[in-house]
Chemist: 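Handing you this structure, nothing more for now.
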Number of protein chains: 2
Amino acid sequence: MQLSNSSQYAIRILAYMADQKDSKLMNATELAGALYIPYKFLTKIMTELVKVGLVVSIRGREGGYKFEKKTSEIMVSDILDIFNDSIKDEQCVLGIGFCNGLCKCALHDQWMEPKLLLQRMFRESSLEDIAGRGCKI
Amino acid sequence: MQLSNSSQYAIRILAYMADQKDSKLMNATELAGALYIPYKFLTKIMTELVKVGLVVSIRGREGGYKFEKKTSEIMVSDILDIFNDSIKDEQCVLGIGFCNGLCKCALHDQWMEPKLLLQRMFRESSLEDIAGRGCKI
DNA sequence: TATTAATTCTACCTTTAAGTAGTAATTATA
DNA sequence: TATAATTACTACTTAAAGGTAGAATTAATA
C-alpha cells in the first residue's frame, strides 16, 4: 500500500525545484545530492518528466532543468499518472476488475471514503501548494 | 498505490470462507475455482495463513481449510501485516525514513487524514463484518 | 492394505521495479 | 576550436513479486 519509488522521487524532486525562490536552472548533480536520490536513477526520472512536458531540459554546459508549466498548474495526481501510480475510480482495492455498484468487492463500501479523500488530496494539491512545506528533502 | 496480489487474494479467500453458513472445511480446488485464483498460488497463500495461525489445515483425503480463530477476531489489518502490506504510522507517503512532526515530507499533512481513515478501516473491519458484503467473488 | 484426494515442500520460471554503467549528443566558455 | 559540463540514450544487472511444476506427505475410505 504505497507509491512507487519513481513517484516518490518525482514528487520530492519537483517539490524541491518549486521551492527554489528564483526559478533557476537546476542540474541533476545538485538535485541528486540534495535529495539523496541515486544520480543515474534521477536522470532517468527527469527524462520522463521532460517527455511528458512537465519540465524542460537545457543540455550542455550550464544546462539543467526548469519547469515548463507553472507550479500552480501541476497537480500531484499528474505526477502519479506518469508512473501509473494513481488512484483511479476503476481501481478496486481487492483487484476485482468489475467492482462497482452492482457487483462489488467485500471492501468496496469501506474503501470508498478513504479513496475519495486520497483522490481529492492528489488532485487538489499543486506543486505550488506543497512546495516549502516540511523540510527540504 | 495498491495492495499486493497476495493481500488481495488472501482477503477475498478469507471473506469467502467466512461467508459460508456452516463453518465447513473448504479445499483449495473449490476456493481457486470459485474465486478465479491460480490454484498453485492459492495453496501457497493458504500455507502462509496456516503458518501464522489464522486458519488450520486438515491434510489428506476429505481435508481442507477452516478458521482457527473466530472471524469476528480476524481484522483485515492482520491479513495485510502477513504480506508486509499494511499502513503503519512510520510509513511516509514519500518514502522519507524520518518523516515526523519535526522534519516532515511535503505531503505529510495532507496524507495524515486519508491515512488515518485507511488505518481505521483496516483495523476495525473484521472478516465477520465484511463477509457477505457485495458479490461472492 | 491399496487407492485416492487432499495439503505441503522445494525448486524453479517469468515479469516488473529499481538501479547501474557507459557512451553519445549538446552547448557554454576559455 | 578544444574542453568541460551537462542531458539523453541504450543496455545491462539485481531483487522482489507473481506464478508454476512436481514430488512428498497425510489420511479417509473402499
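Predicted, not measured: the structure shown is a model, and the values here were computed from it. Numbered from 1 within each chain, the chains take letters A, B, ... in sequence-line order.
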Chemist: Can you pull out the residues from residues 79-91 of chain B that lie within a 4.0 Å heavy-atom distance of DNA chain D?
Modeler: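 The answer is none.
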Chemist: I need the single residue from A:I130, A:I11, A:I74 that forms a side chain to side chain contact (heavy atoms under 4.5 Å, CB included) with A:S125. Which is it?
Modeler: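 Going through A:I130, A:I11, A:I74 one by one, the side chain to side chain contact (heavy atoms under 4.5 Å, CB included) with A:S125 is satisfied by A:I130 alone.
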Chemist: Applying the ring pair (Phe, Tyr, Trp, His ring centres under 6.0 Å) criterion to B:Y9, which one of B:F41, B:Y36, B:F83 satisfies it?
Modeler: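 Testing each of B:F41, B:Y36, B:F83 against B:Y9, the sole residue satisfying ring pair (Phe, Tyr, Trp, His ring centres under 6.0 Å) is B:F41.
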Chemist: Decide, yes or no, whether a salt bridge links B:R120 with A:E113 under the criterion of side-chain N to carboxylate O below 4.0 Å.
Modeler: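 Answer for the salt bridge query: no.
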Chemist: How is A:T43 classified with respect to the nucleic acid when contacts are heavy atoms under 4.0 Å: base, sugar-phosphate, or nothing?
Modeler: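 The residue A:T43 makes no contact with any strand.
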Chemist: How long is the line joining CE of B:M46 and P of C:dC9, in whole Å?
Modeler: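 To the nearest whole Å, that distance equals 14 Å.
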Chemist: Specify the residue among B:Y39 and B:K44 whose closest nucleotide of DNA chain C lies further upstream toward the 5′ end.
Modeler: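 Its nucleotide being nearer the 5' end, the pick is B:Y39.
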Chemist: Side chains of B:K115 and B:D89: closer than 4.5 Å at any heavy-atom pair?
Modeler: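 Yes. Closest side-chain heavy atoms under 4.5 Å.
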Chemist: Any side-chain heavy atom of B:L118 within less than 4.5 Å of one from A:W111?
Modeler: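 SC-SC contact between B:L118 and A:W111 confirmed.
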Chemist: Which parts of nucleotides 21-30 of chain D does protein reach within less than 4.0 Å, heavy atoms only, written one letter per nucleotide 5' to 3' as B for base, S for sugar-phosphate only and - for none?
Modeler: BB--BBBB--
Chemist: Could you tell me the separation between the CD atom of A:E48 and the P atom of C:dA18, rounded to a whole number of Å?
Modeler: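 My rounded result for the distance is 13 Å.
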Chemist: What is the distance, to the nearest angstrom, from the CG atom on B:L3 to the C1' atom on D:dG18?
Modeler: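 Computing the B:L3:CG to D:dG18:C1' distance gives 15 Å.
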Chemist: Can you tell me how far P of C:dG19 sits from CG of A:L42, to the nearest Å?
Modeler: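 Going from CG in A:L42 over to P in C:dG19 covers 12 Å.
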Chemist: Taking CG from A:N5 and C1' from C:dT16, how many angstroms apart are they, rounded to a whole number?
Modeler: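 That distance rounds to 13 Å.
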